[in-house]
Amino acid sequence: MTGARAISQAMRETVQIVWFKRDLRASDHAPLARAAAAGPVLPVHVFEPDFWAQPTMAGRQWAFVSESLDALDRELARLGAGLVRLAGDAVTVLEALRVRYGRVALWSHEETGDAWTFARDRRVAAWARAQGAPWVELPPAGVVRRLASRDGWATAWERRMAVPVSPVASLRAAPAPPPSGVAAGRASDPCPERQPGGRGEGLALLDSFLAHRGQSYRRAMSSPVTAYDACSRLSPHLAWGTVSTREATQAARAMRARVAGRRDGWVGAIDSFVARLHWRCHFMQKLEDEPSIETRCLHPALERLRVRGEHPDRLAAWVSGTTGLPLVDACMRALRATGWLNFRMRAMVSSVAAYHLWLDWRDYGPPLARMFTDYEPGIHWAQLQMQAGATGINATRVYNPVKQQIDHDPLGVFVRRWVPELAGAPTAFLAEPWRMDGAAQRAAGCVLDRDYPAPIVDHVAAARDARARLATARRADATFGETGARIVARHASRKRPNDREPARARGRRPAAGQLMFDF
C-alpha cells in the first residue's frame, strides 16, 4: 500500500483520543491501554484557561503539571505517539479534533474534581452524545462512581488495589496530529522549594521512601522538623497522577512482605503508609458521593455558624504568616515557599483559622488550596469541614498552637528557620514571645509589634469561645443527632467489625488528625 493510500485508510479509522487530566502517566493507565487496543491513538492534554483561573489554582501547581507533561510526552513518544498539547475550552478543542479526523472516540479516567470540572465534564458528555462520539470513562482505582452504599467500599478498594499493573507496550499514532504547543500558565507564583514534577521524580521518591526514608515514618511524620524527609512526599504526584495509588500500594505491600517479622520499625511504617493511601481514597469518595461538600456544610445546622467574609484582617494575617502565633506563622511561610506541609501542621493551621480566628472554611479554603502543590479537591474540602467542625459527626479538634510547638518543635528549629524575627528569642519563650517583658524583647532583638506582631487573638480565650459557640449550635437543633446519623450512614468509614467489612479491608485507622497528607 502506498504512503498516500495508507494515510487515507488511517484517516477512515476511528481515532482514539486519550484525554489526560489528573493522570499524567502512561503506566497503570487503563484508558490508554484500552485505546491502544482499539486503534490509532492521539494522546491529548488540554490547557483550559478557565480551569486555571479558578480561585483554588496557582502557578506552582501549573509549574508542577507542566514539568509532568514534559515527562509524559517523552514517555509517550518512546511508545510511539507523543503528547499533543492544546489550549482552550475542552468542548471546543474536542470538536475541532472531531472535525479534523471525522471519527473519534474519547477515553479518559473518571475525575473526582471540584464543581468547575464536574460542570465541564457534563458539557463534554453532552457534546459526545450529540456528535455520536463514544466517551469511555474508566475508574482511576480507589473511588467508586455512583456508589449506592459505603458498605463494602473498603473491600472494593482492596480488589482494585490488587489489579496487576501492566504497562502499555506500544502505541500506533493517529495520522498527522495537530500542532502541539505549551500554553502559558498562571501568573508568577514564587515557590523556591517546590517539588519538581514528572513521573521519574515520583518514582524516585517512592523508591527512596521504601528503601530508607520511611523507616521512621510513624514517629517522625508529626513534627515539621522531621516530616519533610520521613514522609514519602508523594502527595503532589498522587494528586496529579504521575504515580497511581495502586502503584504506591503495591510497591509498599511488596516491601511489607520483605520486612515481615522484623522489629526495626518497617512493618509499622508500611502499615501506616498503606492505611493513609486507603483513607486518602475514602475522603475523595466523600466528594464523589456529595459534590456540595465543596460549598455547603455537611451538617445543615452548622451552615450559619460563621459569617462568610467576616474578619478579613485575620484572614490576611493568617495567609501571610503574621498572626503573632509563631508555629502558625512558620507553617504558613514554609507552605508558601515549599508547596507542602505535613498533615498535623495542616490540621493545626486549619484549626487555628476555624476556631481561634473564627473564619469560615470557605473563606480560607481557596488561599490554602493555592499554596498546596498537591491540592486535591476531594481531600481538601472534606478535611477543612472536618477540622472546622462543620460535618456534625467528627470530634471537635481545637489544636493549641503553643502546645503543638512545644510538642513538635521543642528546640525551635522549624520556627527559627521560617520566622527569623524570633531567632534571638530564648527557647523558653519561643512558643509564647508575648510572655517576654520589654527588656527581654529588646535583648532578643524582637520587640512585639515592631519586629514581630503581637498575637491577633488570645488563643486560650478564643478556643474556649469557639467550643462554646459550636456546642450552642449543636444544642439549638432538635434534630442534630438524627441528621448526623444520616451523614454517618452515607459517608463514614466502615471500620468496626459490625460494619460489614473484613479486617484486612478496614486496615489500621490512622490517629485522629493524622489522616491524609503524611505522604
Side-chain angles (χ1 to χ4, degrees), residues 22-25 27-28 60-61 64 67-68 71 140-142 157 161 165 193-259 264-284 334-335 338-347 372-376 378-380 383 408 507-511 513-519:
R22 281 181 172 262
D23 51 356
L24 306 182
R25 62 184 185 276
S27 180
D28 194 27
R60 63 190 58 195
Q61 297 157 356
F64 185 93
E67 292 164 357
S68 299
W157 187 88
M161 292 304 112
V165 174
E193 297 184 39
R194 174 184 61 80
Q195 290 178 246
R199 178 170 171 81
E201 296 285 344
L203 293 177
L205 286 170
L206 180 60
D207 289 347
S208 66
F209 176 74
L210 296 177
H212 56 89
R213 290 190 299 110
Q215 188 172 10
S216 62
Y217 180 59
R218 265 190 175 174
R219 67 175 182 272
M221 67 170 69
S222 294
S223 170
V225 179
T226 53
Y228 282 81
D229 186 63
C231 292
S232 77
R233 305 298 304 279
L234 279 174
S235 56
H237 294 278
L238 295 170
W240 294 103
T242 63
V243 178
S244 74
T245 302
R246 178 163 38 229
E247 289 176 309
T249 300
Q250 291 185 8
R253 284 183 167 161
M255 174 66 175
R256 175 66 164 77
R258 293 194 295 271
V259 300
D264 55 2
W266 269 116
V267 171
I270 299 301
D271 286 348
S272 292
F273 178 66
V274 173
R276 282 160 176 79
L277 290 170
H278 172 101
W279 277 73
R280 181 179 186 277
C281 295
H282 160 74
F283 272 84
M284 293 175 67
L335 178 56
T338 68
W340 186 87
L341 200 61
N342 64 310
F343 185 77
R344 179 170 285 275
M345 295 301 104
R346 296 188 190 212
F372 290 151
T373 307
D374 55 20
Y375 168 60
E376 178 70 69
I379 297 172
H380 187 75
Q383 284 282 308
H408 299 294
R508 178 184 174 91
R509 184 175 187 265
Q514 295 185 357
L515 297 180
M516 300 289 72
F517 277 104
D518 289 321
F519 297 116

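For the numbers below, each heavy atom of this structure counts, side chains included, while hydrogens, waters and symmetry mates do not. Along the sequence shown, residues carry numbers from 1.
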Heavy-atom side-chain proximity of Q61 to W240 below 4.5 angstrom: yes
message: Measuring from atom CD of Q215 to atom CD1 of I270, what distance do you get when rounded to the nearest 0.5 angstrom?
response: 10.0 Å
query: What is the distance from atom CG of D229 to atom CZ of F209, rounded to the nearest 0.5 Å?
result: 10.5 Å
message: To check you understand the geometry: which heavy-atom pair defines the closest contact between S27 and V165, and what is its length?
response: OG-CG1, 3.7 Å
query: With distance as the sole test, does R25 use its side chain to make a donor-acceptor pair with the main-chain N or O of V243 at under 3.5 Å?
result: no
query: Between A248 and L206, what is the shortest heavy-atom contact and its length?
result: CA-CD2, 4.1 Å
- request: Output the distance between atom OG (S235) and atom CZ (R276), rounded to the nearest 0.5 Å.
  value: 13.5 Å
query: Do L277 and L238 have side chains that get closer than 4.5 Å, going by heavy atoms?
result: yes
- prompt: Closest heavy-atom contact between E67 and G197?
  reply: OE1-N, 2.7 Å
message: Any non-hydrogen side-chain atom of R256 less than 4.5 Å from a side-chain atom of V274?
response: no
- prompt: Within 45° of the axis and under 6.0 Å from the centre of the six-membered ring of F372, does NZ or CZ of R346 qualify?
  reply: yes
Q250 CD to D28 CG distance, which is reported to the nearest 0.5 Å: 7.5 Å
field: Gap between atom CZ of F273 and atom CE of M255 - 0.5 Å precision
entry: 11.5 Å
- request: Search all heavy atoms of Y228 against all heavy atoms of A334 and return the closest pair with its distance.
  value: OH-CB, 3.7 Å
- prompt: Does a side-chain heavy-atom distance below 4.5 Å link I379 with R280?
  reply: yes
From L205 atom CG to R213 atom CZ, the distance as rounded to the nearest 0.5 Å: 5.5 Å
- prompt: Are any of the side-chain heavy atoms of P236 and R194 separated by less than 4.5 Å?
  reply: no
query: Would you say the side chain of L203 lies within less than 4.5 Å of the side chain of T242, judging by non-hydrogen atoms?
result: no
field: Closest contact, heavy atoms only, A269 versus G214
entry: CB-O, 3.2 Å
task: Taking the side chain as every heavy atom from C-beta outward, state whether E376 and R22 have any atom pair closer than 4.5 Å.
output: yes
Worked verdict on H237 versus F64 for side chain to side chain contact (heavy atoms under 4.5 Å, CB included): CA-CA 9 Å; H237 294 278; F64 185 93; 3.6 Å; yes
- prompt: Does G198 offer a backbone N or O that forms a donor-acceptor pair with the side chain of E201 under 3.5 Å?
  reply: no
- request: Keeping the roles fixed (side chain from R344, backbone from S223), state whether a donor-acceptor pair exists under 3.5 Å.
  value: no
message: I'd like to know whether T245 forms a side chain to side chain contact (heavy atoms under 4.5 Å, CB included) with C281, so could you lay out the CA-CA distance, the side-chain angles of the two residues, the decisive distance to 0.1 Å, and finally the verdict.
response: CA-CA 9 Å; T245 302; C281 295; 4.0 Å; yes
- request: Please tell me if the side chains of M161 and W157 come closer than 4.5 Å, counting only heavy atoms from C-beta onward.
  value: yes
message: Please check this pair: side chain of D23 against backbone of G241, looking for a donor-acceptor N/O pair closer than 3.5 Å.
response: no
message: Which heavy atom of H408 sits nearest to which heavy atom of P224, and what is that distance?
response: O-CD, 3.8 Å
message: Pair T373, Q195 - check side-chain hydrogen bond (donor to acceptor under 3.5 Å, both in side chains), show working.
response: CA-CA 8 Å; T373 307; Q195 290 178 246; over 6 Å; no
